[in-house]
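Whatever order the structure lists ligands and atoms in, that order sets their numbers, starting from 1. Heavy-atom basis, side chains included; hydrogens, waters and symmetry copies ignored.
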Amino acid sequence: MTPDAASANQSARAVALRLSAATLAIAIAALGATLTPSRAGAQEATVQRPNVSHQRVVTKPPSEVSWRFTTRNLRQIKLRLRSARCSSRAELILDGRSLERVAVPKGRKTIGVKAFRDPGTHKLQLSVRPGGACRRARVTVYPPQIKEWIPIGAAIWSRHLSADPAFGDLVANEFDFVVPENDMKWAYLQPRRGVFDFTLGDRVVDFARSRGIDVGMGHVLVWHVQNPGWLWQRDPANPDATNPWTREELIEVMREHITTVVRHYRGAVPEWDVVNEAITENGSYRKNIWYRVIGPDYIELAFRFAHQADPDARLYYNDYGTETANNPHSDAVYRLLSELRAKGVPVHGVGFQTHVFPHLTGVPTAEAVSANFRRYADLGLRLQITELDVAIPGSMPKTPAAYEFQAGIYRDVARACQRQPACERFTTWGATDRYSWLTKSAAGLPFDPQLQPKPAWTAILDVLRPRGRP
Ligand code: XIL
């Protein structure tokens with residue numbers, strides 16, 4: 001306890017002795033926090049590190065206490081209360097929104113609430129009033145325990161969930177969230193012009209909900225692959241099907257798709273991969289249908305449409321080969337994002353796919369990835385590892401040494417994310433080699449085909465969940 005804290009503690013105790021007329025007393029025991037008196041008699045504790053703070057007493061209405069704390073990924077809040085003499089009622093409020101209302105019987109009570117929040121500073125308030133016929137209550141509030149960690153997610157394909165319950169169990173038990181590997185791609189969501197089918201995408205969301213894990217990034221709104229045939233042929237119902245779209249028509253097609261999809265998933269999908277792979281490996285714009293018909297401003301339009309459809313969604317640009325700097329692809333993506341930010345386009349984050357083929361792409365070291373992450377974070381962007389897998393080259397026998405080599409790469413990428421405060425999520429492109437777009441023989445994922453953890457999984461957990469998952 002610091003000297004300041006000790007004197008705050010003493011004066012708080014002195015106040016407590018003069019309490020007889022108080023209608024409600026809340027005694028707060030919170031070790032190691034800095035206390036800042038606020039106006040209406042309540043006090044605020046800035047929790048530097050969760051679980052530490054001082055003991056103090058607040059008297060008189062408003063019977064409220066609050067804490068401020070900064071987290072990267074808030075996941076859970078636990079608060080212990082002790083209500084002496086009388087029962088009381090408590091309300092937990094986070095960033096001005098009610099999280100939970102509970103009755104606190106005479107005695108002890110623990111409030112545990114799942115609360116996923118973005119990186120940033122949060123204000124937690126607890127308001128207490130006497131319960132039932134009580135006119136006075138005395139409640140001791142112990143310091144909040146704030147749990148946070150970088151969530152680890154896996155891309156899943158709904159068809160594997162229905163066919164293979166053991167796979168669903170693995171994902172639900174081991175991962176914090178899922179992203180749709182294919183089910184929210186354009187070809188599935190709008191197979192015919194103007195006809196939307198959310199069946200498969202909804203399965204991914206329903207799976208996450210029913211198993212108590214989160215949904216991460218919706219994938220993907222605008223890409224050059226896995227689009228329905230009609231996008232190239234125009235509307236098959238239109239006899240003049242070979243005509244190219246006009247710029248205005250294709251903008252409208254894109255707007256309608258983005259708006260319908262993002263609105264459908266509003267509240268269920270918190271962030272979107274809005275534009276995927278718009279830059280090629282030589283650093284030029286990819287000459288996809290969007291670029292050819294609309295021009296390079298299709299990117300900016302896509303972000304604006306998504307933002308209009310759900311102003312709360314975090315919007316990402318996503319690409320491969322961009323996790324380290326000093327190659328034409330990565331540097332062109334950086335320039336694109338700098339320009340979009342400077343223009344005020346609503347792009348909030350950048351996803352690094354991180355498909356590692358050691359023999360082709362080289363091996364990204366933690367230092368090189370960290371240095372690259374820094375320049376994106378300096379643009380004010382959120383960062384995510386979005387599609388990590390590490391192929392074991394065909395020429396390399398699948399020996400324990402090969403799996404250790406692979407684990408080393410996983411470890412380095414996880415470290416770079418862990419070190420960078422703007423890095424928010426860590427996603428592997430699949431969970432198990434049983435279902436990997438790289439094929440079983442590349443053995444690129446953290447669980448083997450028998451659903452057993454490989455050294456890569458141990459490496460991820462060592463870095464991102466060193467104390468386990470509460
Ligand atoms: C892949 C899926 O994993 C495969 O199942 C599908 O056949 C093709 O697409 N970059 C991306 C992902 O952004 O959408 C791709 O996913 C992998 C490369």
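Residue Asn318 places no N or O, backbone or side chain, under 3.5 Å from any N or O of ligand 1.
Not a single donor-acceptor pair under 3.5 Å links the side chain of Asp310 to the backbone N or O of Ala306. For the pair Asn318 (side chain) and Asn276 (backbone), a donor-acceptor distance under 3.5 Å is absent.
Taking atom 1 (C) of ligand 1 as the reference point, the nearest protein heavy-atom neighbour is Lys185 NZ, 3.7 Å. Closest to atom 5 (O) of ligand 1 among all protein heavy atoms lies Asn182 ND2, 3.0 Å. Residue, atom and distance of the protein heavy atom nearest to atom 11 (C) of ligand 1 are Glu387 OE1, 3.0 Å. Remark: minimum distance from atom 3 (O) of ligand 1 to any protein heavy atom is reached at Glu181 OE2, 2.5 Å. Of the protein's heavy atoms, Trp429 NE1, 3.1 Å lies nearest to atom 16 (O) of ligand 1. Regarding atom 8 (C) of ligand 1, its nearest protein heavy-atom neighbour is Gln226 OE1, 3.5 Å.
For Lys398, the NZ atom is densely surrounded, since the number of other residues' heavy atoms within 6.0 Å is greater than 12.
Ring centroids of His355 and Trp437 are separated by less than 6.0 Å, placing the two rings close together.
Set against the non-hydrogen atoms of Asn276, the atoms of ligand 1 under 4.0 Å away are 11 (C), 13 (O). Close approach of ligand 1 to Trp157 is summarised as follows: ligand atoms under 4.0 Å from at least one heavy atom of the residue are 5 (O). The Trp223 neighbourhood of ligand 1 comprises atoms 11 (C), 12 (C), 13 (O), 14 (O), 15 (C), with distances under 4.0 Å to a heavy atom of that residue.
Contacts of Asp273 with ligand 1, taken as heavy-atom pairs under 4.0 Å, are absent altogether.
Contact detail for Tyr376 and Ser330: the closest heavy-atom pair is OH-O, 3.3 Å.
Heavy atoms of Tyr320 stay at 4.0 angstrom or farther from ligand 1.
Residues in residues 457-466 take part in these salt bridge (charged side-chain N to carboxylate O under 4.0 Å, His left out) pairs, two or more places apart or across chains: Asp176-Arg465, Arg411-Asp462.
Remark: Arg425 is positioned above the aromatic ring of Phe177, its terminal NZ or CZ atom under 6.0 angstrom from the ring centre and at most 45 degrees off the axis. With Tyr291 as the aromatic partner, Lys287 meets the cation-pi criteria of under 6.0 angstrom to the ring centre and within 45 degrees of the ring axis.
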